[in-house]
Amino acid sequence: MKSAVTYELLHKDKTTGARRGVIHTPNGDIQTPVFMPVGTQATVKAMTPEELKEANAQIILSNTYHLFLRPGHNLVKEAGGLHKFMNWDRPILTDSGGFQVFSLGALRKIKEDGVEFRSHLDGSKKYLNPEIAMEVQEALGADIIMAFDECCPYPSTYEYTKNSMERTTRWAKRCKDAHKSIEKNALFGIVQGGFFKDLRKKSAEDLIALDFPGYAIGGISVGEPKKEFLDILNYTAPLLPENKPRYLMGVGTPDYLIESAIAGIDMCDCVLPTRIARHGTAMTSRGKVVVRNATYERDFTPLDPECDCYTCRNYTRAYIRHLINTKEILGVRLLSIHNVNFLTKLMDRVKIEIENDNLANFRDEFYQKYGYEKV
RNA sequence: GGGUAGGUGGUCGAGUGGUUAAUGGCACCAGACUGUAAAUCUGGCGACGAGAGUCUACGUUGGUUCGAAUCCAACCCUGCCCA
């Protein structure tokens, strides 16, 4: 049976090995490497689908756990699926709820069969396991769905990480067995193993044996130093099949996105651009601009002089600072629009640099301009 | 004119003899944020000082007391009620 999602490699950067490709999905093609904005509750906070398209967002994320609690996957199914429900006709990826096993730490209990949650909304008991995560995600109807996993905290012991990783692999098998709508959505496996290379290798091997149509790396970018992040990323990414999409979960910052592409990653997602937008910060070609700070009170220039997004074409730092400081909704909207644009444009640039076999140079230029230190 | 309630740090407002440079909220100033429990959270917020610390502060002036934002007196100002 044909997988819902396939990967086509177009070009490999000769200096780094970064991959320029296309992911074919039921709702259209995705040019990679790609940054995917996160819309946990069936909306990328503060942005309309039209604005996302104008920002050249090719695919967005949504979340099993959150939609399971509210409004319920059956309601979304009744609405005609997530695409129709939220008026987004491009690809969607749903996360499995595995990240909530991590982020809702105190509110959940992990067992072999699955995870018992206390709802963060009302404290009621909820239950997710591989089979339920599949049922929910199939009802939502995303193009790419994720295996139910556990994302380990940093730091975790070897023993804890090993047990967790092995359970995640068992869960992945159960997800695969439970997954029915193979032609409608592709199920990706998630490599775990924390910060231990032998565990990463074992996880990758066991998951590859299960033959998923795509693979994710989970459990990094969870608070560790950048050096450790790069170490595990650069070790793990090459373990994954060449002919399938590689997805690094939860990244992130501009430098991490470039490093990910260099490591041979095709897809990344992150809440960061929209979250820091809500908290008053813009990502720009010259580094972070905390536009709510007093220094921008009389700065009548755009957020980023090199940006041509809707926000930068029309509004000044001083005005956006005023909107943020007066808690006007428009401030959050304008910053979100800009930040998502910034990252999608960054990835557009990365694609061109890969095609020109120039990604390594571009990274160095970018680091210098943005103000990052090389690790 | 009489009565009454009150005047506290940028602001609103606690405190009614000592552990009070003075609770809180807001405003303001920073920081954090990476598969979203996040339009959230953390810290700072009298002056000088790197710091220990020093100084100046609760309408004004005087007084009581070892010690006062807190008690007393006079005065100034504000709200409300009565003339």
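Naming convention: chains lettered A, B, ... in sequence-line order (proteins, then strands); numbering from 1 in each chain. Note that the structure is predicted; figures quoted are calculated from it, not measured.
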For the residue pair A:Phe102 and A:Phe99, is the inter-centroid distance of their aromatic rings smaller than 6.0 Å? yes
List in chain and number order the residues that pass side-chain contact (heavy atoms from CB on, under 4.5 Å) with A:Ser221, two or more places apart in sequence or in another chain; answer none if no residue qualifies. A:Glu224, A:Phe229, A:Val251, A:Tyr256
Out of B:rC29, B:rG35, B:rC33, minimum distance to the side chain of A:Arg275 belongs to B:rC33
From CD of A:Glu150 across to P of B:rG35 the rounded distance in Å is 17 Å
Would B:rA73 be called syn or anti here, given the cut-off of 90° from 0? anti
Applying the 3.5 Å cut-off to both distances, the Watson-Crick or G-U partner of B:rG6 turns out to be B:rC77
Short question: side chain of A:Arg19, backbone of A:Ala261 - any donor-acceptor pair under 3.5 Å? no
Just to confirm, is there a sub-4.0 Å distance from OP1 or OP2 of B:rA37 to any side-chain nitrogen or oxygen of A:Ser103? yes
Can you check whether A:Lys201 reaches A:Glu205 side chain to side chain, under 4.5 Å on heavy atoms? yes
Of A:Thr40 and A:Thr281, the one whose closest RNA chain B nucleotide lies more 5': A:Thr281
In whole angstroms, the gap separating P of B:rU34 from CG of A:Leu343 amounts to 15 Å
Distance-only side-chain donor-acceptor flag, A:Gln137 / A:Thr94, under 3.5 Å: yes
Looking only at the side chain of A:Asn293 (C-beta and beyond, no hydrogens), which of the listed nucleotides B:rA30, B:rC33, B:rG35 gets closest? B:rA30
Pairs: protein N or O with nucleotides 39-42 of chain B N or O, under 3.5 Å:
| unit_1 | atom_1 | unit_2 | atom_2 | d |
| --- | --- | --- | --- | --- |
| B:rA39 | OP2 | A:Arg278 | NH1 | 2.5 |

Flag the pair A:Leu335 / A:Ile324 as yes when at least one side-chain heavy-atom distance between them is below 4.5 Å, and no otherwise. yes
Nucleotide nearest A:Ala294 when distance is taken to its side chain, options B:rG35, B:rA30, B:rU34: B:rA30
Any strand, both distances under 3.5 Å, Watson-Crick or G-U wobble: B:rA22 pairs with none
Counting only Watson-Crick or G-U wobble pairs whose two distances fall under 3.5 Å, which nucleotide matches B:rA68? none
